[in-house]
Amino acid sequence: MSYSTLAVLGNPLFPPKSKSKSSPDRKEIISLLQRCKHMNQVQSLHAKIIRKGQEHDPFVVFELIRVCSNFNSIDHASKIFQHAQNPNVYLYTALIDGFVLSGSYVDAIRLFCEMVYESVIPDAYAITSVLKACGSQLAFQEGKQVHGQALKLGLSSNRLIRMKLMELYGKCGEFEDAQQVYAEMPEGDVVASTIMITCYLDYKFINEAIGVFNRVLVRDTVCWTAMIDGFVRNGEFNRALELFREMQEDDVRPNEVTIVCVLSACSQLGALELGRWLHFYIEKYGIKLNHVVGGALISMYSRCGDIDEVQRVFDGMKERDVTTYNSMISGLAMHGKSIEAIEMFRGMMKQGIGPNNITFIGVLNACSHGGLVELGYEIYHSMTRDYGIEPQIEHYGCMVDLLGRVGRLEEAYNFIREMKIAPDHIIFGALLSACKMHGNTEIGESVAKILVDGGCADSSTYILLSNVYALSGRWKEAAQVRAKMEESGMLKEPGCSSIEVNNEIHEFLLGDIRHPQREVIYKKLKELNRVLKLEGYLPSTEMVLHDMEDEQKEWALAIHSERLALSYGLISTTPHTTLRIVKNLRVCSDCHSMIKLVSKITRRKIVVRDRNRFHHFENGACSCGDYW
DNA sequence: CGAGTGACGT
């Protein structure tokens, strides 16, 4: 019997013509759905589907739910699902996927339970989707139950399910379970290993991650990137850069994700030279300057102190979204370019890009660094009034900082009292630091008391309070606070500065003597001090905690880590080279005035990245205008 | 399949 005869006899594969009429319609509508560019196109198609009586065709409904989910219209997808009669496993899975995509993991898990309750048997895709939800929600118990179900259904050897199981257990920190599943995978499997590496690094198990990484048979770009990113997330920036170099020796091409991770390492280290090289690499290999790569580049240049290049990158970008503008605004604010930051904010509005909560943190921060109190108030009010964004603790923090910096301390204190959220130690810390700045012991003392009584005083609170006392000459109290701090076992974070010379980052701690060229560094520093004295430099001694002899005070100041980095920069670079120093704490006022003079004497530009902003020193002046 | 930005204060 020939094939065509079968068809004529009514093979179920070829249904009679009268009934097959809906099939081309179905195909057409599905492909129309898949080609939608906007949600309103989907909605008009939905209306068409209802007109044609296709709203009960499971294939069409499936596609509708998927398309709505992909357009972030989970509510719409949910409504469509509710109208479906006897939804099958595909419809359930489509909606579970939608919930996962929108971050509603609990809803995803709940829907899966509902499906099982309705006696719809899950398939491998449904299991995969719900496991993803369990992993993201850290729902270990629920995940374990799904694992049991997969075993019963004979699906536990499915490769994709095993991947999701590893991810679930790894994300929950249950590494014994994760290892068990991993052991059943082919040895050195690159994808499975990448999952393990990522999870280990989420929990800071660096050595375990390296162990897995070393046993991977063929490492690809994603695997290398996961390891590099893990180093970055764990603060191991130099190791991240080292691994990036190894990756190239291994002839594995970095892609845009790799570049973003390495750029982030450069940003945090202040490694401008490598950052510039990455920028060059992006252009040379035609890596698309999308908003993520562009944002990372902007962030790198601004955090490495090259604010002019920031503008050039921004101008050269085709895709700009709210995050691009956020990077620009916070970058400009960091460099004390408050007006430019505000202009950027206005430009963003002109482009029709709506600001978000992070935008306002940047803008308020810009006002704070520029002392623009009234504008800050205006923007703070417009945030809720015009954009419907309720202030978060960070925004309140910016306002307290803004008021505190200009010396409106009582106003700042009242502002805290009127906040809708309970103030935290960060808010009080901002006020306390303003009290130090303006030498107000009264408010400073009461704020510090709140912090100590609340049990949320950390070492920085004690140091700030002790500085508030020291500033007004109350040495006894200053010493008492310090003693109390040492008693409670709290240690001051050690000052640390670094400088990039010949593509290498050199790190210096307070009074560091580890550097191979320490003798030349200290010699240069002494020589510098002599010249500075001739220029009329008098070290101000107010910021030292102890009531020491004057000479000792001077010495204690002289070895702040930024001075060591500065000295090293001077001896190891050619004259007129710009020096870029990164410091983990805030620069003290004495080092600040010393660096101003050095920039004048040596005729160098010196850029210092502080804990929260940049100082551009040139010809004896600083871009912060001595207000920071 | 598995990897990614932006974020107050100290």
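Within every chain, numbering begins at 1; the chains are lettered A, B, ... in the order of the sequence lines, protein sequences first and strands thereafter.
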Between [atom2] of [N] and [atom1] of [X], the distance in whole Å:
X: A/Ile259; N: B/dA3; atom1: CD1; atom2: C1'; result: 13 Å
X: A/Leu431; N: B/dG9; atom1: CG; atom2: P; result: 14 Å
X: A/Met437; N: B/dG9; atom1: CE; atom2: P; result: 10 Å
X: A/Ile389; N: B/dC8; atom1: CD1; atom2: P; result: 16 Å
X: A/Arg320; N: B/dT5; atom1: CZ; atom2: C1'; result: 17 Å
X: A/Lys171; N: B/dG2; atom1: NZ; atom2: P; result: 9 Å
X: A/Ile287; N: B/dG4; atom1: CD1; atom2: P; result: 17 Å
X: A/Gln392; N: B/dA7; atom1: CD; atom2: P; result: 14 Å

Which nucleotide wins on minimum distance to the side chain of [X], given the candidates [options]?
X: A/Ile426; options: B/dG4, B/dA7, B/dG9; value: B/dG9
X: A/Val260; options: B/dG6, B/dG2, B/dG4; value: B/dG4
X: A/Glu394; options: B/dC1, B/dT5, B/dC8; value: B/dC8
X: A/Asn365; options: B/dG9, B/dG2, B/dG6; value: B/dG9

Any salt bridge linking A/Glu187 with A/Arg215? Criterion: basic side-chain nitrogen under 4.0 Å from a carboxylate oxygen.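 Salt bridge absent between A/Glu187 and A/Arg215.
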
Would you call A/Arg233 and A/Asp202 a salt bridge, taking side-chain N to carboxylate O under 4.0 Å as the test? yes

Identify the two heavy atoms, one from A/Val190 and one from A/Arg219, that lie closest to each other, and give their separation to 0.1 Å.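 It is CG2-CA, 4.5 Å.
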
Parallel, tilted or perpendicular: ring planes of A/Trp277 versus A/Phe244, cut at 30 and 60 degrees: perpendicular

[N] OP1/OP2 closer than 4.0 Å to side-chain N/O of [X]:
X: A/Asn584; N: B/dT10; result: no
X: A/Thr194; N: B/dA3; result: no
X: A/Arg586; N: B/dT10; result: yes
X: A/Thr323; N: B/dT5; result: no
X: A/Arg405; N: B/dG9; result: yes
X: A/Thr198; N: B/dG2; result: no
X: A/Lys164; N: B/dG2; result: yes

Think A/Arg417 forms a cation-pi with A/Tyr413, using NZ or CZ under 6.0 Å from the six-ring centre and within 45 degrees of its axis? yes

Determine the contact category for [X]: base if any of its heavy atoms lies under 4.0 Å from a base atom, sugar-phosphate if only primed atoms, P, OP1 or OP2 are that close, otherwise nothing.
X: A/Val322; value: nothing
X: A/His395; value: nothing
X: A/Asp220; value: base

Less than 3.5 Å between a donor and an acceptor, one on the side chain of A/Asn255 and one on the base of B/dA3, is that the case here? yes

Compute whether any side-chain donor of one residue and acceptor of the other, for A/Asn255 and A/Thr258, lie under 3.5 angstrom apart. yes

